[in-house]
Amino acid sequence: MHRTYSMRATRAPTASQIQNPPPPPSTTKSGRFFKGGLGHALRGKTAGAFGPDLAKKLAQLVKMEKNVMRSLELVAKERMEVAQQLSIWGEACDEDVSDVTDKLGVLLYEIGELEDQYVDRYDQYRVTMKSIRNIEASVQPSRDRKQKITDQIAQLKYKEPNSPRIVVLEQELVRAEAESLVAEAQLSNITREKIKAAYTYQFDALREHCEKVAIIAGYGKHLLELIDDTPVTPGETRAAYDGYEASKAIIQDCEDALTNWVTQKAAVSAKLSTRARTLSTRRRNNIKARSEGLDLSGQDAPLNDQDGWAPAGHHQHHKDEYSEDEDEDEDELEGRTSHSVLGSEAGLNGGETRGRSQEAVVA
């Protein structure tokens, strides 16, 4: 019956994957105890409720993005199930409808797999934003220390204007301010670097995903042309269906288009107006002019996400609270298990049963 169920039976790397190797599976993909709306509600209410004030807003953003990713996972899974059901339903129809719905199921299933891969790339963006949150959390103790010393000096000047401790505290304040200046400069530099990297990950992933979905949609419309929708009179018999090879060829062409897609072949490009291009160029030139001749070789090396600028005793509590494993706490509560759709051989080779016997595409 010329059934084709997997466009990627061997799962050879695509041109895009060779150009930009795929990231590891998303950290949100796991078996979990709390699912659906309950998990979303818990993360929404607890996001930003704990930890340093400076990092609360970004902590809330990171948690909200986790909800987005788990929603995308659910969409991908349900789209694959819809594709299977379409193929099952169409099997009992006339030959042309049966063949086309079967092939449409293949394309819809591929969209589900692309959405699953998009979640993995989206996680790169989220993890990068988490690193900014960790830096913010490590800066907070430095601010708190400076504020505490300032308050102590003000209190002593009010109660004991001649106290010798005022001089000692003022010296500590000078050191704390110097330390805070370094911390704030580091935070400013790293924030700019990380936010550009994070949203580059997101927009590159979104662009690739949308381009590939558009390719699939185009070939899906070609499949629809194989259905004969000419009205027939009662008792009239339709001509025998002869589009099996055509539908199979369309699926193979779609596979080739997806496999060979790279960013340079993107059909959609964002073109700036003359005014926007002029203003953007002026801004970039200003940035370049300010950076020329500025030697930062003597600047302190950027601190790791887990480190802070204050002595360990001042911020160890915050560091533990906002370590890279902070998000894993809720996953342990949810009974997280190590699992990846893309990492399994069945997921990669299209090994799921999709309602009909399988036939691999001949490349």
Please determine if [X] and [Y] form a salt bridge, counting it only when a charged side-chain N lies under 4.0 Å from a carboxylate O.
X      : Y      : value
Glu225 : Lys221 : no
Asp123 : Arg126 : yes
Lys56  : Glu136 : no

[X] with [Y], same ILVMFWY side-chain cluster at under 4.5 Å:
X      : Y      : value
Val174 : Val182 : no
Tyr244 : Leu226 : yes
Ile215 : Val262 : no
Leu107 : Val75  : no
Tyr219 : Val82  : no

Applying side chain to side chain contact (heavy atoms under 4.5 Å, CB included), run through Lys77 and Met80 and close with a yes or a no.
CA-CA 5 Å; Lys77 178 182 177 183; Met80 294 178 191; 5.9 Å; no
Is [X] reaching over with its side chain to a backbone N or O of [Y], donor-acceptor style, under 3.5 angstrom?
X      : Y      : answer
Ser180 : Ala176 : no
Thr101 : Ser98  : yes
Asn189 : Ala185 : yes

Intermediate values then yes/no, salt bridge (Lys or Arg N to Asp or Glu O under 4.0 Å), Lys212 and Glu208
CA-CA 6 Å; Lys212 289 185 174 180; Glu208 178 176 349; 3.0 Å; yes
Looking at every heavy atom in both [X] and [Y], which two are closest together, and how far apart are they?
X      : Y      : value
Lys194 : Ser131 : CD-OG, 3.5 Å
Gly105 : Leu86  : N-CD2, 4.0 Å
Tyr109 : Ala83  : N-CB, 3.5 Å
Gly112 : Ala76  : O-CB, 3.4 Å
Lys103 : Asp99  : NZ-OD1, 2.7 Å
Arg207 : Val268 : NH2-O, 3.2 Å

Would Arg282 and Leu279 count as a side chain to side chain contact (heavy atoms under 4.5 Å, CB included) here? Give the steps.
CA-CA 5 Å; Arg282 182 186 304 169; Leu279 294 175; 3.8 Å; yes
Distance-only donor-acceptor hits, side chain of residues 146-161, under 3.5 Å, sequence neighbours excluded:
| residue | atom | partner | partner atom | Å |
| --- | --- | --- | --- | --- |
| Gln147 | NE2 | Asp151 | OD1 | 2.9 |
| Thr150 | OG1 | Lys146 | O | 2.8 |

Worked verdict on Met64 versus Val68 for side chain to side chain contact (heavy atoms under 4.5 Å, CB included)
CA-CA 6 Å; Met64 292 170 70; Val68 170; 5.8 Å; no
Rounded distance (nearest 0.5 Å) linking atom CD of Glu193 with atom CD1 of Ile135:
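The CD atom of Glu193 sits 10.0 Å away from the CD1 atom of Ile135.
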Nearest-0.5 Å distance that lies between atom CZ in Arg133 and atom OG1 in Thr128
12.5 Å
Could you tell me whether the side chains of Thr233 and Glu236 share a donor-acceptor contact shorter than 3.5 Å?
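Checked: Thr233/Glu236 side chains pair up, N/O donor to acceptor below 3.5 Å.
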Does the side chain of Ser273 come under 3.5 Å of the side chain of Arg277 through a donor N or O and an acceptor N or O?
no
Is the shortest heavy-atom distance from the side chain of [X] to the side chain of [Y] under 4.5 Å?
X      : Y      : result
Ile111 : Leu108 : yes
Met129 : Leu58  : yes
Tyr241 : Asp94  : no
Leu258 : Glu110 : yes
Ile216 : Leu114 : yes

Would you sort out whether Arg284 and Ser280 count as a side-chain hydrogen bond (donor to acceptor under 3.5 Å, both in side chains), showing the intermediate values?
CA-CA 6 Å; Arg284 290 195 297 270; Ser280 298; 4.7 Å; no
Considering the options Tyr118, Tyr199, Tyr201, which one meets the ring-ring contact (aromatic ring centres under 6.0 Å, His included) requirement together with Tyr125?
Tyr199
Could you walk me through whether Ile132 and Ile195 pass side chain to side chain contact (heavy atoms under 4.5 Å, CB included), step by step?
CA-CA 8 Å; Ile132 302 177; Ile195 198 170; 4.3 Å; yes
Given salt bridge (Lys or Arg N to Asp or Glu O under 4.0 Å), test Glu172 with Arg145 step by step and report yes or no.
CA-CA 10 Å; Glu172 290 185 13; Arg145 180 166 176 262; 5.2 Å; no
Take a 6.0 Å sphere around CZ of Arg238 and say whether it holds more than 12 heavy atoms from other residues, nucleotides or ligands.
yes
